[in-house]
Protein chains: 2
Amino acid sequence: MPAMPPVLPHPAAAAPTEPADGTPAFSPLYQQIKGLLTRELQAGVWKPGEAIPSELELASRFKVSQGTVRKAIDELAAENLLVRRQGKGTFVATHAEQQVQYRFLRLMPDDGVPRDMARRLVDCQRLRAPAPVARALDCRSGDAVIQMRRLLLAGGRPVVFDEIWLPGSLFKGLTAERLAEYKGPMYGMFEAEFGVRMIRAVEKIRAVAADASSAPMLGLPVGSPLLSVERLSFTYGDRPVELRRGLYNTEQHFYRNELN
Amino acid sequence: MPAMPPVLPHPAAAAPTEPADGTPAFSPLYQQIKGLLTRELQAGVWKPGEAIPSELELASRFKVSQGTVRKAIDELAAENLLVRRQGKGTFVATHAEQQVQYRFLRLMPDDGVPRDMARRLVDCQRLRAPAPVARALDCRSGDAVIQMRRLLLAGGRPVVFDEIWLPGSLFKGLTAERLAEYKGPMYGMFEAEFGVRMIRAVEKIRAVAADASSAPMLGLPVGSPLLSVERLSFTYGDRPVELRRGLYNTEQHFYRNELN
DNA sequence: AAGTGGTCTAGACCACCTG
DNA sequence: AGGTGGTCTAGACCACTTA
């Protein structure tokens, strides 16, 4: 006698084949599980670096098979929200305690050996969002934002000049002092101190000429070609939470990208 | 009575746990299947755009379950070697007949609406590989290579000036005429006419100043900042088969990149 | 030894496409 | 109706980690 086949579709999967509005909207079970896990991550049920419950535990909690939980976790791991470690468990991804110091920084020295860079804070102030910044951060022009500028140095020489904009509402109490005293990557501090986790980002890259304000910062003559990297970073739910414009001196470094 | 459990490990999986040399070298079944499929792709058993055998067909051919074939194909699809189409089959990926005209070109106009660009061939000649080109293409300095230069134009204005180097051994018979007459993306021609398929690429991006030879090509004054995009493209087995250096005018375009 | 993720199987059913 | 990929299950066993 063969194993009992399921008699009914799984309750959570019982969605109409084609809703009235024409949108496809058929959601496999594992996608729903993925959504539930994402919401718990967003709510901070499990902190960055912590283990989430085991696959079997989650399977019994959600009343699905291990394989279904597994597929959900697979996708979250592919999106770098979770990290699997065989024999140990599945962990919430974190920007801190990471082998790569800057997960989003694609700059490499010409010899290809990544070395870690020193940081030097230039200034940090609260002010009202200029219109383009407000547009990018999806807040109102004039809302409180934090602007901060800093340098990254390789071998004592400035290589990157960053100007960073953060929504004031999410980063209350962020001051130059707290920035200065924190060790490790800035995104690590953001998630540990402010609960803001950068999930993904898009960059717009151009070549520009160094102007009178950026040239001295990088110790270059005005007019030198610089890589302009404008980055918009997102947290859960595709909410933009950081706008950053970096000017890179690419005389001894390059921006590395992989295509496939 | 429960279903008969497997009595022996699957023959193909019967690899020693720890070989003498210390390298881990445990290969799950689906990885071995993936390797077999990759070799058949490389050998050209199935041409770009064609369907490969169905999962059940492959499963019975390899004497494994459908799930194992499925996982192998999943990975190949994630690497863009195969394309799955529900209800139709699994197909060999191709650079031709693709919705995106240039799969590897990340350049976008400022308004974000991708338009297709015109091509203009500048020149195309065979010559002996200079040392740096030979090093990148993993051939001997002095070997025959094809050098070709061309422009991409948006709205009639030049935006990209490319210099492309190809190993002569793989592209016998490539001439300016054949390039000019071919419609569609160049990589599409490479795979259709020469059986060379670009699988992945790495790019090194810098900001440079337009020099006396590039500035006129792009209709810009000498010294204008340009994005320099050096791309090395690989085919199966990580063999480098194209070196390309593009100079992008980023006044009205930007290079778009996603991080996650 | 126990717990975790990783692999593999066999089988059922669903969604999609084509004759 | 029949074929293809896509989802889901239940269960076994393997590899890795920790105690």
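The model shown is predicted, which means the values in this text are computed figures rather than measured ones. Values below: all heavy atoms of this structure, side chains included; hydrogens, waters and symmetry mates excluded.
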From C-beta outward on [X], which listed nucleotide comes closest to its side chain: [options]?
| X | options | value |
| --- | --- | --- |
| Thr68(A) | dC8(C), dC8(D), dT7(D) | dC8(D) |
| Gln86(B) | dT17(D), dC16(C), dC8(C) | dC16(C) |
| Tyr30(A) | dC8(D), dG5(D), dG5(C) | dC8(D) |
| Pro28(A) | dT4(D), dC8(C), dT7(D) | dT7(D) |
| Leu29(B) | dT7(D), dG5(C), dT9(C) | dT9(C) |
| Lys88(A) | dA10(C), dT18(D), dG6(C) | dT18(D) |

Q) Are Tyr187(B) and Glu242(B) close enough that a side-chain donor and a side-chain acceptor fall under 3.5 Å? A) yes
Q. Judged by modelled atom types alone, do Tyr255(A) and Glu203(A) share a side-chain donor-acceptor pair under 3.5 Å?
A. yes
(Q) Under the criterion side chain to side chain donor-acceptor pair (under 3.5 Å), I'd like the reasoning laid out for Tyr30(A) against Asp74(A): C-alpha separation, chi angles, the key distance, then a yes or no. (A) CA-CA 10 Å; Tyr30(A) 76 89; Asp74(A) 276 345; over 6 Å; no
Q.
Any side-chain N or O of Ser65(A) below 4.0 angstrom from OP1/OP2 of dC8(D)?
A. no
Q.
Check the phosphate of dC8(C) against Lys71(B), side-chain N and O only, distance under 4.0 Å to OP1 or OP2. Yes or no?
A. no
Q) Contact class for Arg85(B) (heavy atom, under 4.0 Å): base, sugar-phosphate, or nothing? A) sugar-phosphate
For the pair made of [atom1] in [X] and [atom2] in [N], what is the distance, rounded to whole Å?
| X | N | atom1 | atom2 | answer |
| --- | --- | --- | --- | --- |
| Gln66(B) | dC14(C) | CD | C1' | 13 Å |
| Asp74(B) | dG6(C) | CG | P | 15 Å |
| Arg70(A) | dT9(D) | CZ | C1' | 15 Å |
| Glu75(A) | dC8(D) | CD | P | 11 Å |

Q. For the ring pair His95(A) and Tyr102(A), is the centre-to-centre distance below 6.0 Å?
A. no
